[in-house]
Amino acid sequence: MKPIKLEMNAFGPYAQKVEIDFSKFYQGGLFLISGPTGSGKTTIFDAISFALFGEASNKKRESHTLKSHYTQEELCYVNFLFELGGKKIEIYRAPTQEAQGKRKALVTYSSTAELHIDDIPVAKGVMEVNEKIHEILGLNYEEFSQIILLPQGEFQKLLEASSADKEKIFRRIFSTQKLQAFTQALREEERRLDSDLKTNQTRLGEVLGPSYPKTSANELIKGLEEAIESKKPLLEELAKKVSEEEKKKSKLEIVLHQTKEKLELFQKRKIHLLEEASVEEDKKIIKINHRAKELLPYRQSLLEGEKSLDFYQKKRKEDQSRYLDSETKKKLVKDSFTKAEEERKNIAKLQKRLEELIGIKEGLGLYLGAKKEKEEFEKKAQELAKEIKNLEKKEKEEEDKKAAYE
């Protein structure tokens, strides 16, 4: 693992964001992180360990205590970029903490983690990232602390570890699991072959009976080879017969294959004819559908025309009914007008009669009576004149309505 960049924010003694660019030290090979006690050297290793496993380099420091005591509002997190196997791996991790929220009030944030490989996100969430890191590094937190990132005073633990623990650690470091599995498979195959040999010897003894010589497997194999050699002419003759039978079989297979090809051709031809018939039928259906689609707009227009015709016929009946009503009203108005004309003639006669009465009667009583009668007739004349105007107005309205109906 080759560290490239470490970013810490509100972590340990660092209240603000701190970035460490390890790529600046590559030219010198080895480099030393030094400084007085309490200057934050161990914090760098704590940040690397926390980014990878969610634990500090020393387990005495719990993850929720890693946030800086010098700030309460800042969000504590670590972002670690390193190279492994030619790939750039970046991991972001933040512990459970209280920090400033959007409304500037302290909010409790849950622990979170994200993992990117060559800028591609591959894992999100604490559990998923932990599993992926263990898969990439091949080490858990304890093993990483023992062989990669040794805290102060922890090197002795590796030296004092048991042989079995050291074997497990070194096997993971040098990836010898495949060699171990291959060795184990060879041992299992050896045991299986030895068991098969013993089983075959037992079966051979059962077949040959008491005359079976108690000799080694190699001697038995040699004897069997000699017996096979003596029977070689017979075997050759049998092989010749088998070859002839194979040739006959091959010829029959050729004939069978040709027959199958003919059957397949016949079947294909049958399917082709059925498809042609189906295509012709489909063509007819398509033609009918196409013709139906062509006639569909005319059918729609016909339906709309029928609807319009029904509407106009209905409207015509209503207009005829209104016209008849208007004719009736016109006749009534005309009768009223004629009656008003007759009343007007009567007014003229009454006026003449009034004048005659005025000329004939003398005296105040007769004059007053005539005057009263005149006033009544004038009032009646005014009423009749008003009624005539109303009738003329109605006649004009009815004339206008008639013109509108026509």
Side-chain angles (χ1 to χ4, degrees), residues 1-2 49 52-55 59 82-87 89 115 117 122-123 126-151 154-243 245-246 249-250 253:
M1 184 176 68
K2 187 177 183 180
S49 179
L52 294 172
F53 300 101
E55 300 281 352
K59 267 203 168 183
F82 62 95
E83 185 179 344
L84 182 66
K87 294 181 180 180
I89 301 170
L115 179 66
I117 298 178
V122 294
V126 175
M127 296 296 294
E128 189 176 349
V129 170
N130 289 345
E131 292 176 0
K132 196 66 179 178
I133 280 292
H134 185 271
E135 178 185 338
I136 292 170
L137 298 180
L139 300 170
N140 56 28
Y141 170 75
E142 287 76 13
E143 294 164 348
F144 183 82
S145 300
Q146 286 180 332
I147 61 176
I148 303 296
L149 190 63
L150 298 176
E154 297 292 325
F155 184 70
Q156 187 69 21
K157 289 184 179 180
L158 176 62
L159 299 178
E160 293 176 355
S162 64
S163 298
D165 292 338
K166 287 179 182 177
E167 183 181 354
K168 291 179 182 179
I169 292 169
F170 291 133
R171 183 178 296 122
R172 291 189 179 181
I173 294 171
F174 299 109
S175 300
T176 61
Q177 294 93 336
K178 292 182 180 180
L179 294 175
Q180 183 190 16
F182 181 68
T183 304
Q184 185 67 25
L186 287 177
R187 289 175 181 171
E188 290 177 358
E189 184 65 14
E190 182 184 5
R191 286 195 292 269
R192 187 186 66 78
L193 291 173
D194 186 59
S195 175
D196 290 345
L197 179 61
K198 290 179 179 178
T199 302
N200 291 332
Q201 286 179 343
T202 303
R203 289 179 179 176
L204 191 60
E206 291 174 355
V207 172
L208 298 177
S211 61
Y212 168 64
K214 305 297 182 181
T215 56
S216 64
N218 291 331
E219 291 177 352
L220 287 172
I221 291 170
K222 187 178 180 181
L224 290 172
E225 288 176 349
E226 291 176 354
I228 291 170
E229 188 67 25
S230 63
K231 301 292 184 179
K232 194 173 182 179
L234 181 60
L235 292 173
E236 288 177 353
E237 186 177 351
L238 290 172
K240 188 177 180 181
K241 290 182 179 180
V242 169
S243 177
E245 293 296 328
E246 286 291 335
K249 182 181 176 182
S250 299
E253 286 177 350

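This structure is a prediction, so every number in the text was calculated from the model and none was measured.
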CD1 on Ile133 to CZ on Phe53, rounded to 0.5 Å: 7.0 Å
Approximate separation, where rounding is to 0.5 Å, of Leu115 CG and Ile136 CD1: 5.0 Å
Interatomic spacing from OH in Tyr141 to CG in Leu52 - rounded to 0.5 Å: 11.0 Å
Side-chain donor/acceptor of Thr199 to backbone N/O of Ser195, under 3.5 Å: yes
Heavy atoms of other groups near Arg187 CZ, more than 12 under 6.0 Å: no
All salt bridge (charged side-chain N to carboxylate O under 4.0 Å, His left out) counterparts of Arg192, not counting sequence neighbours: Glu189, Asp196
Heavy-atom side-chain proximity of Glu135 to Glu131 below 4.5 angstrom: no
Lys2: partners by side-chain contact (heavy atoms from CB on, under 4.5 Å), with sequence neighbours left out: Tyr26, Glu83
Leu137 side chain near Leu84 side chain, heavy-atom distance below 4.5 Å: yes
Partners passing salt bridge (charged side-chain N to carboxylate O under 4.0 Å, His left out) against Glu190 (at least two apart in sequence or in another chain): none
Residues in side-chain contact (heavy atoms from CB on, under 4.5 Å) contact with Glu128, at least two apart in sequence or another chain: Ala123
